[in-house]
Structures are given as structure tokens and as C-alpha cells.
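What's counted below: heavy atoms across the whole structure, side chains too, no hydrogens, waters or symmetry copies.
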Amino acid sequence: MIVTDTVNEQMYELIRNMILERKLKPGERVNPKELAASNNVSLMPVRNALQQLTYQGLLETRQRVGVFVKQYTDTELRQIGEVRKLYELYCLGEFGDQIDKNKILELYRQIEKTDADSRAMLLLDEQLHKMIVEASENPFLIQQYDSMQNLIRIHMYSENDRASESQKAHLELLAALYQGNYTSAYAVLEQHLNTVTGIYKEYAT
């Protein structure tokens, strides 16, 4: 049930997570009345959330038909992955030595003890990749990365299809960072992102 004093924000988070975690699947129609009824809220906060998510690229409106979860082509998903690589590899290569070792160790321990295919792991995955970008301490770069977070998360959540492999790569990356082996860390991250992007290697025509 949604708490009324933060209803707009919570409806936004709820629907966004349903999309990212594929509880609402690509191409699926979204029923605002059902969402409102199941969460005991009025239609207005649901519509506000759907409008915001449409603007951010997670939903699309089809005139006279309804609102649907946006279905990205393999080419588009690959392109999102390529942009993600530009941000993350640049930041790791230039600022990896600025990442706090205590944060690295704590994140390693959390990832090591978390089930690979759990939602908790997906959240740790996000935390790891954002930590790399935030090491730049460049507000403009971070703002641009954050502005496309939902698209990056669509790409990132696809990693759950290879959850154990992804978890192993994260641990290898963090171990290399903790040891100060930044060349190895860069290679692990590059391979990891190439693998994820490779899920969409078939181009749409």
C-alpha cells in the first residue's frame, strides 16, 4: 500500500522498479486503473508517474490505444551499452585510484554474501557502477550519467540473465581496485561491459 504523503514519489518508484525488474515486460500494456486500485490510490498519482516515466524513456504512449512499456531493439540496447562504457571506462581509467578503499572492501563483502540473482544484488550492481563514475568528482559528468540512469538500468538489469557471471566479474573488479591494480580492474570492467552489451549483438533491421 502506498503512503499518502509521498504518494507521487512512491508510485513513480514502484512502477519504475516493476519495469526494470521485468514485472512489467517490454511491450506490455500498463493499466492505470489496476495500478491505482491495487495500491489504494487515486488515478492522478499513477498518471503523473506514467507521464514522468514516458518522458524518461521507459514507457511510450500509443494514441487511442494506451501506455506501454517501451520495447528497445537489440540495436538500441547495444547503443545504450556503448554509452555506458564511455562513461564508466573513462572514469575508471582516470579516477580509479581515487575510490575509497574502505568503500571497495565493504562493497566486496556485501556482493560476496548476496545471492547472485536477487534484487539486492541488482542494487549493489548499481552502487558499484555509480561509485566508479562518482570517483571523477566532476558534477557535469555525474549529472549527465545520472540523467540517463533509467536507460543504463535497463541495460544493467539485463545482466541478471547472467547473474553468477556478473557477480564474479564484480568481485574480480573490486579485488583489483582494492589491490591498486588499476590496469587489471580496467580490463575486467571492459570485458564485463562487453559481455553484457554482447547480449544484444544481433542488430535489428
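Heavy-atom contacts from other residues, nucleotides or ligands closer than 6.0 Å to CD of Q51 number 12 or fewer. For K103, the NZ atom is loosely surrounded, since the number of other residues' heavy atoms within 6.0 Å does not exceed 12.
We find the CG-OG distance between L124 and S118 to be 7.5 Å, quoted to the nearest 0.5 Å. Considering CG of L189 and CG of L89, their distance stands at 5.0 Å, rounded to 0.5 Å. S136 contributes atom OG, which lies 11.5 Å from atom CG of L92 (distance to the nearest 0.5 angstrom). For the atom pair L123 CG and R153 CZ, the distance stands at 8.5 Å (nearest 0.5 Å). The distance from atom NZ of K70 to atom OG1 of T61, rounded to the nearest 0.5 Å, is 11.0 Å. Taking CG of L24 as the reference point, atom CG of L20 lies at 10.5 Å (rounded to 0.5 Å).
For K23, the salt bridge (Lys or Arg N to Asp or Glu O under 4.0 Å) criterion is met by E21, not counting sequence neighbours. Taking R64 as the reference, nothing meets the salt bridge (Lys or Arg N to Asp or Glu O under 4.0 Å) condition, with sequence neighbours excluded. Looking at residues two or more places apart in sequence or on another chain, you find a salt bridge (Lys or Arg N to Asp or Glu O under 4.0 Å) between E13 and R16. The salt bridge (Lys or Arg N to Asp or Glu O under 4.0 Å) test applied to K130 returns D146, not counting sequence neighbours.
Side-chain contact between P32 and L50: present, with at least one pair of heavy atoms (C-beta onward) separated by less than 4.5 Å. Here the side chains of L171 and K168 are not in contact, with every heavy-atom distance at 4.5 Å or above. Under the 4.5 Å side-chain criterion, counting only non-hydrogen atoms from C-beta, Y12 is in contact with Q56. Proximity of E134 to Y145: side-chain heavy atoms (C-beta onward) are nowhere separated by under 4.5 Å. Put simply, the side chain of T54 does not reach to within 4.5 Å of the side chain of L58, judged on heavy atoms. A heavy-atom distance below 4.5 Å is not found between the side chains of R29 and V67. Side-chain contact between V41 and M11 is present, with heavy atoms from C-beta onward closer than 4.5 Å. Contact annotation: the side chain of M148 approaches that of Y87 to within less than 4.5 Å [non-hydrogen atoms, C-beta and beyond].
Between the side chain of D115 and the backbone N or O of D117, no donor-acceptor pair lies under 3.5 Å. Remark: the backbone N or O of E76 is paired with a side-chain donor or acceptor of T73 at under 3.5 angstrom. A donor-acceptor pair under 3.5 Å is formed between the side chain of N194 and the backbone N or O of E190. Put simply, the side chain of K101 gets close to the backbone of Y178: a donor and an acceptor are under 3.5 Å apart.
When every heavy atom of I132 is checked against every heavy atom of E88, the shortest pair comes out as CG2-O, 3.6 Å. Nearest heavy atoms, G96 versus L177: O-CD2, 4.3 Å. In this structure, A116 and Q167 approach most closely via the heavy-atom pair CB-OE1, 3.3 Å. When all heavy atoms are compared, the tightest approach of A120 to T114 is CB-CG2, 3.8 Å. Of all non-hydrogen atoms in C91 and L141, the two that sit nearest each other are SG-CD2, 3.6 Å. The two residues A49 and I15 have their closest heavy-atom pair at CB-CD1, 3.9 Å.
Using a cutoff of 4.0 Å between basic side-chain nitrogens and carboxylate oxygens, E82 and R84 are not scored as salt-bridged.
Using bins of under 30°, 30° to 60° and over 60° for the plane-to-plane angle, the ring pair H129/H192 lands in the parallel bin.
Between the side chains of Q79 and T75, no donor-acceptor pair of N or O atoms lies under 3.5 Å.
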- side chain to side chain donor-acceptor pair (under 3.5 Å) assessment of S38 paired with E34: CA-CA 6 Å; S38 63; E34 286 184 2; over 6 Å; no
- Can T195 and Q191 be said to form a side chain to side chain donor-acceptor pair (under 3.5 Å), step by step? CA-CA 6 Å; T195 298; Q191 179 59 48; 3.1 Å; yes
- Evaluate the side-chain contact (heavy atoms from CB on, under 4.5 Å) criterion for residues F140 and Q144: first the C-alpha distance (whole Å), next the side-chain angles of each, then the deciding distance (0.1 Å), finally the verdict. CA-CA 6 Å; F140 301 101; Q144 290 301 311; 5.7 Å; no
Contacts under 3.5 angstrom, residues 179-187 side chains, donor-acceptor by atom type, not counting sequence neighbours:
from: N181; atom 1: OD1; to: S184; atom 2: N; distance (Å): 3.1

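Cluster annotation: L105 and L174 are assigned to the same hydrophobic cluster (Ile/Leu/Val/Met/Phe/Trp/Tyr, side-chain heavy-atom contacts under 4.5 Å, transitive).
Residue pairs meeting the ring-ring contact (aromatic ring centres under 6.0 Å, His included) criterion with at least one member in residues 35-74, sequence neighbours excluded, do not occur.
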